[in-house]
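What follows is a short report on a single structure.
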There are 2 protein chains.
Amino acid sequence: MANPTGLAGRRSAAERKPRKERWAELIETATQVFYERGYEAASLQEIANRIGMLKGSLYYYIQSKEDLLFEVVNEVHQKGLAVVTALAQGPSPSPLERLHRVIRGHVEHTCHNLVPTAVFLHELSALPEDRRRQVLGDKHSYQGVFRSLIEEAKAAGEVREDVDPKLAALSILGSANWVYRWYRPDGEFSAQQIASHLAETAIRGIASEAGLASCTR
Amino acid sequence: MANPTGLAGRRSAAERKPRKERWAELIETATQVFYERGYEAASLQEIANRIGMLKGSLYYYIQSKEDLLFEVVNEVHQKGLAVVTALAQGPSPSPLERLHRVIRGHVEHTCHNLVPTAVFLHELSALPEDRRRQVLGDKHSYQGVFRSLIEEAKAAGEVREDVDPKLAALSILGSANWVYRWYRPDGEFSAQQIASHLAETAIRGIASEAGLASCTR
DNA sequence: CCTACCGATCGGTAGG
DNA sequence: CCTACCGATCGGTAGG
């Protein structure tokens, strides 16, 4: 480390960065500290230290510590949801193929945005209920994307009759989300490898014989 | 509530309970408070209040707050592991059938012990590394049970050749563990329903044609 | 953004 | 287990 004290050192006013730039730096640092310590255990003091600012000065940018968590969590949720909905709407021979693509995309996005995703999945519960709902939206948007695809596939006869779409959606989302707990960029499995495996087994788990036959992978 | 202040009220020395009884009450209360607030946000003050004791008096039973988390987390982990290993070793026509049973048992155990399980899965990371390892053991015991069964099934030709047992184990554990995030005792799905679904889809996800045929459910 | 604070609460302890 | 504490740190603020 260039700075063994962990303090970035305060700058003179002349070095002040543009507000937008500072804000981005602040969010990035907060994400990292929340990831390492957990939201509750993370202190504004440490965040301030890392960006070379006094703790009180953070309030030039925020109204409360909670604002930081909200921002971090909201940002990654929007991004992830965008990825997943885009893939779900794309063209494809069959709903089951689209589901396959959505799972892959979701898992790869998780792996490539491990730190903010982990904060989202682990610390969302630290937000008060109203702000949590503000992030998630009134609908179960994420779950809804998966569920709709499964319903569609079921209507097309590609999914077994005894499969409950909501239960299946929760199950698939679970195996996918859990990835943040064990994936490591330098680990033995690549993001693509994990994404492919999860998508493949999830599809096989719910597909009817007809559905399985229609997937030519 | 019988006591609207949230304080249980202190007892006279004559009402002092046996140490073992008090200890059990303490652990149970700590589990609940950790569940509701998260470990970091939970205060010893609140735990003490709920059992009608002064905060300082807790140190008659513990050396640190961390002791409480360790105890809670260790207890439920041992119990869960016992359930799963017992089921894995039981008699059965095929390894895949045993895996089916293990997944069901694991999920039902999770649902029936939702609060301590949630604390285990969510707050384990709040323990320092050495005590975390002390809980989990040096081996990945949980993951190992699932992985071994999958390896066995693969050797018996019941699992597809292209399935990586470790990846499959992590995937199945993920969908099962995630249940603590959405299962509610009064929700629309029963523990048995969820357990059956997860087991069924997980098996179908990895089974070979021969393996699928050998499972007559 | 810094200076200079504050009240509240936290985990924990000595001594009985 | 209670009495009676303590130092540290926390999130947050007034004023510039």
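As the structure is a prediction and not an experimental result, all values here were calculated from the model. All heavy atoms count here, side chains included; hydrogens, waters and symmetry mates do not. Order of the sequence lines sets the chain letters (A, B, ...), proteins ahead of strands, with each chain counted from 1.
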inquiry  = Ignoring hydrogens, what is the shortest heavy-atom contact between L121(B) and W178(A)? Give both atom names and the distance.
reply    = CD2-CH2, 3.9 Å
message = Rounded to whole Å, please give me the gap between CD in E46(A) and P in dG11(D).
response = 11 Å
query = In whole angstrom, what separates L44(B)'s CG from dC1(D)'s C1'?
reply = 16 Å
message = Would you say that more than 12 heavy atoms from the other residues, nucleotides or ligands in this model lie under 6.0 Å from the CD of Q192(B), or not?
response = no
task = Write down the distance between CG (L58(A)) and C1' (dG11(D)), rounded to a whole number of angstrom.
result = 11 Å
query = Does Y61(A) place a side-chain N or O at less than 4.0 Å from the phosphate oxygens OP1/OP2 of dC1(C)?
reply = yes
query = Whole-Å distance between dC1(C) C1' and E21(A) CD?
reply = 16 Å
query = If you check the Y60(B) side chain, which of dC1(C), dG11(D), dC1(D) turns out closest?
reply = dC1(D)
query = So which one's nearest nucleotide on DNA chain D is more toward 5', Q63(A) or A41(A)?
reply = A41(A)
remark   = E40(A) CD to dC10(C) P, in whole Å, measures 11 Å
request  = Return yes if the base of dG11(C) and the side-chain atoms of K55(B) contain a donor-acceptor N/O pair under 3.5 Å, otherwise no.
outcome  = yes
query = Of the candidate nucleotides dC10(C), dC1(D), dT3(C), which contains the atom at the shortest distance from the side chain of L54(A)?
reply = dT3(C)
task = Find the distance I47(A):CD1 to dT9(D):C1' and express it as a whole number of Å.
result = 15 Å
key: Phosphate contact (dT13(D) OP1 or OP2) by Y59(A) side-chain N/O below 4.0 Å   = no
message = In whole Å, I'd like the distance from the CD atom of Q45(A) to the P atom of dG12(D).
response = 13 Å
Main-chain N/O of E108(B) paired with H112(B) side-chain donor or acceptor, under 3.5 Å = yes
inquiry  = Please report the distance, rounded to the nearest Å, between CG in N49(B) and C1' in dC10(C).
reply    = 14 Å
ask   = Between dC1(C), dC10(D), dC10(C), which one does the side chain of M53(A) approach most closely?
value = dC1(C)
message = Which residue is it: R104(B), E97(B), R98(B)? I am looking for the one with a side-chain contact (heavy atoms from CB on, under 4.5 Å) to R101(B).
response = R98(B)
ask   = Would a distance-only check, ignoring hydrogens and angles, find a side-chain to backbone donor-acceptor pair under 3.5 Å from R204(B) to R204(A)?
value = no
ask   = So what's dG16(C) paired with, Watson-Crick or G-U wobble, going by both distances under 3.5 Å?
value = dC1(D)
